[in-house]
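Everything on this sheet refers to the single structure shown next.
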2 protein chains.
Amino acid sequence: MEQQTGPHRLKKRERHDQILLHLKLRPHVRVTELATLFGVTTETVRRDMDDLEQRGLLERAHGGASATHPGAHRDLDERRQERVAEREHLGRLAAALVQDGDTIMIDAGSTTMVFARLLAFAETRVTAITNSLQIGMILGQSARARVILAPGSYLPQEAAVVGVETCDYLARYHVDACFLGAAGLSEAGVTEAVEGFSAVKRAMMRQSGACRFLIDASKFGLTRLNHVARLHEVGTLVSDRAPEGALAQDLRDGGVEIILP
Amino acid sequence: MEQQTGPHRLKKRERHDQILLHLKLRPHVRVTELATLFGVTTETVRRDMDDLEQRGLLERAHGGASATHPGAHRDLDERRQERVAEREHLGRLAAALVQDGDTIMIDAGSTTMVFARLLAFAETRVTAITNSLQIGMILGQSARARVILAPGSYLPQEAAVVGVETCDYLARYHVDACFLGAAGLSEAGVTEAVEGFSAVKRAMMRQSGACRFLIDASKFGLTRLNHVARLHEVGTLVSDRAPEGALAQDLRDGGVEIILP
DNA sequence: ACCTTTATGTTGGATGTGCAACAAATCTGT
DNA sequence: ACAGATTTGTTGCACATCCAACATAAAGGT
């Protein structure tokens, strides 16, 4: 990056923007590096980073900071160790469902992202169609995966594309299975909070022989704004804890296969 | 993350895999963290990381390591300070050509990526269609930009999509201008090294009212494998130094507008 | 202009990290 | 079992980073 020109010292906000821009282009920046670049003290940069970390825009490390994966959800549970561990379990279970030669569709979401990472790591030979840029990039790193990206309007918060174009495009493919996340699972069915995602999820379901939902137990009982699927359409539910009460009964009635650790 | 279970000490290969797995799930890991997790010395972890870094599988940082940015270019000139500075100038010139309300297409490439970053930073109100995931993500961060992503086969080295689908999709849009990079500019015309990119570039040119090529002076005189455009089709050339000799003459003959710092 | 608030710089000591050289342990092939 | 290669542990020291407390400077409001 270029040296800061002129005598004009950057203001706090400008430095914050610059730091984030740097992290968009490289995975890691050092405190000292930025300090000399901005012409400020390391302490100032440190304070900047602390601020940005609190807003969840980057991840501190000793001597510098790393980018949070672009589009990563910043909700509370994303940041908690336990949640990450649970997501990893969940992703492992789901990845075990994929076999060499399978064709799949993968929905955008933090849980499906972990799933994609594990799939890439396992080097499963798979053809995957996704609307998530992150998942495309992650899975594309695997030499044995073939990735097809759907077009559409870009949604920066989720690093994914949505819209009519996306759904139309998906309708041109037929795959063995789709792997979907969701923001809520209740007796009302599967629901989603992000506008535009539900249509994509439904489009994926229509084109798939089997449908697998990756939903961790913290989503049980929640009903969000957008309807995705009724319980009998769920097919397979991969989760970290068994549902209880009426929800469990309705899932049984809907013939949902439940996969747990 | 879970604690390493059992008395079985991990072998080198297993530790390497574990480290990479960790980096797939988090952007950054610390040396000490992994050392206690694996039950080995920090020096061992350090050595592991050095190995992995040499293989380009992660990026070292003080006290730990970061995941290589998915899709991040690591070609030589990308890493060189001087080149970055020139690209920045070039991008600035190109960004000045875009006005509020414009519709544009942006090609994948490291130079166009800098251009997109500056466009996002300038908060130009623009509708952009691109085949580059990174450019989509960068420009999508700008609240005033609308980003449309083209579909296609994912090319991990370039973090972009290419192929027939990509070109077909682009043919459905008409824009004011396209901003393209290139690997070579000589009397033979504009040429490209990455297989699949030239077709996308040509598709973008066909759908654009104006064509802007962003090519830094180090590419002058180079001819790569894939033909992109003859000199008279170039339209506008944005660069950091004036071409010389026969190339300069041919550009004049071709009616190419040249924009320099 | 004044005061208040906020941002930034400075300092010093505690702690974390990197590096290099060597010792100990482990692996490997015969 | 043996010798040689590889891997890992240990140590000491140079250096970078962190943190907290205080001093100084800049910004904002009345």
Side-chain angles (χ1 to χ4, degrees), chain A residues 1-23 26-68 79 81, chain B residues 1-23 25-69 74 79 81 121:
Chain A
M1 213 101 307
E2 91 270 43
Q3 178 68 255
Q4 220 50 251
T5 57
H8 168 251
R9 255 233 317 280
L10 291 167
K11 298 193 195 310
K12 195 180 186 182
R13 181 67 55 86
E14 298 173 299
R15 281 200 315 271
H16 285 198
D17 289 345
Q18 287 284 330
I19 292 173
L20 295 177
L21 279 176
H22 272 253
L23 283 176
R26 334 186 127 274
H28 190 269
V29 285
R30 294 203 174 194
V31 174
T32 49
E33 178 190 345
L34 291 178
T36 58
L37 180 66
F38 294 157
V40 297
T41 318
T42 58
E43 291 309 305
T44 304
V45 175
R46 222 184 294 286
R47 282 186 271 248
D48 287 342
M49 286 181 170
D50 288 344
D51 290 352
L52 291 169
E53 186 187 30
Q54 283 214 320
R55 288 196 272 151
L57 300 173
L58 55 75
E59 185 153 315
R60 280 302 317 268
H62 190 93
S66 294
T68 55
R79 313 198 65 99
Q81 287 283 71
Chain B
M1 212 103 307
E2 84 261 51
Q3 178 67 257
Q4 216 52 251
T5 58
H8 168 252
R9 254 229 321 277
L10 293 167
K11 299 194 195 311
K12 194 180 187 182
R13 181 66 56 85
E14 297 173 300
R15 281 201 315 271
H16 285 198
D17 288 348
Q18 286 285 324
I19 291 173
L20 294 177
L21 179 56
H22 274 252
L23 282 177
L25 301 172
R26 343 180 115 275
H28 190 269
V29 286
R30 294 203 173 194
V31 174
T32 49
E33 178 190 345
L34 291 178
T36 60
L37 180 67
F38 295 158
V40 296
T41 317
T42 58
E43 291 310 304
T44 305
V45 175
R46 221 184 295 286
R47 283 186 271 249
D48 286 342
M49 286 180 171
D50 289 343
D51 289 352
L52 292 169
E53 186 187 30
Q54 283 213 321
R55 288 195 271 152
L57 299 172
L58 54 76
E59 185 152 314
R60 282 299 318 267
H62 192 93
S66 293
T68 54
H69 208 94
R74 346 210 133 286
R79 312 195 72 102
Q81 287 285 67
F121 198 63

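Lettering follows sequence order; numbering is per chain, from 1. Excluded from the calculations below are hydrogen atoms, water molecules and symmetry mates; all remaining heavy atoms, backbone and side chain alike, are included.
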Which one, [options], comes nearest to the side chain of [X]?
X: B/Asp48; options: C/dA20, D/dT8, C/dT17; answer: D/dT8
X: B/Arg30; options: C/dT10, C/dT17, D/dT10; answer: C/dT17
X: A/Lys12; options: D/dA21, C/dA7, C/dT17; answer: C/dA7
X: A/Arg15; options: C/dT10, C/dC19, C/dT8; answer: C/dT8

Checklist entry - Toward the 5' end of DNA chain C, which comes first, B/Asp50 or A/Arg47, by nearest nucleotide? => result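 It is A/Arg47 whose nearest nucleotide is closer to the 5' end.
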What contact category does [X] fall into here, base, sugar-phosphate, or nothing, at under 4.0 angstrom with non-hydrogen atoms?
X: B/Ala35; answer: nothing
X: B/Thr41; answer: base
X: A/Thr32; answer: sugar-phosphate

Next on the checklist: I'd like to know if B/Arg60 pairs up with B/Asp50 as an ion pair, taking the criterion as any Lys NZ or Arg NE/NH1/NH2 lying under 4.0 Å from an Asp or Glu carboxylate oxygen.
Outcome noted: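 Here B/Arg60 pairs with B/Asp50 in a salt bridge, since their nearest N and O are under 4.0 Å apart.
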Tell me the interatomic distance from [X], atom [atom1], to [N], atom [atom2], rounded to whole angstroms.
X: A/His62; N: D/dC15; atom1: NE2; atom2: P; result: 16 Å
X: A/His28; N: D/dT17; atom1: NE2; atom2: P; result: 10 Å
X: B/Arg13; N: D/dT6; atom1: CZ; atom2: C1'; result: 14 Å
X: A/Arg60; N: C/dG16; atom1: CZ; atom2: C1'; result: 13 Å
X: A/Glu14; N: D/dA26; atom1: CD; atom2: C1'; result: 15 Å
X: B/Leu34; N: C/dG16; atom1: CG; atom2: C1'; result: 15 Å
X: B/Glu43; N: C/dG16; atom1: CD; atom2: P; result: 15 Å

Item to check | The single option from A/Thr44, A/Val45, A/Leu34 passing side chain to side chain contact (heavy atoms under 4.5 Å, CB included) against A/Arg15 | outcome: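 The residue from A/Thr44, A/Val45, A/Leu34 that satisfies side chain to side chain contact (heavy atoms under 4.5 Å, CB included) with A/Arg15 turns out to be A/Thr44.
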Next on the checklist: Under a 3.5 Å cutoff, is there a donor and acceptor pairing between the side chains of A/Thr42 and A/Thr32?
Outcome noted: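 Side chains of A/Thr42 and A/Thr32: no pair found under 3.5 Å.
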Checklist entry - Parallel under 30°, tilted from 30 to 60°, perpendicular over 60°: which one fits the rings of B/His62 and A/His62? => result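 Aromatic pair B/His62/A/His62 classed parallel.
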Item to check | Set of residues satisfying side-chain contact (heavy atoms from CB on, under 4.5 Å) with respect to B/Leu57, sequence neighbours excluded | outcome: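 side-chain contact (heavy atoms from CB on, under 4.5 Å) list for B/Leu57, sorted by chain: B/Leu20, B/Leu52, B/Arg55.
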Checklist entry - Would you say a side-chain N or O of A/Thr44 is under 4.0 Å from OP1 or OP2 of C/dG9? => result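 Yes, because at least one side-chain N or O of A/Thr44 sits under 4.0 Å from OP1 or OP2 of C/dG9.
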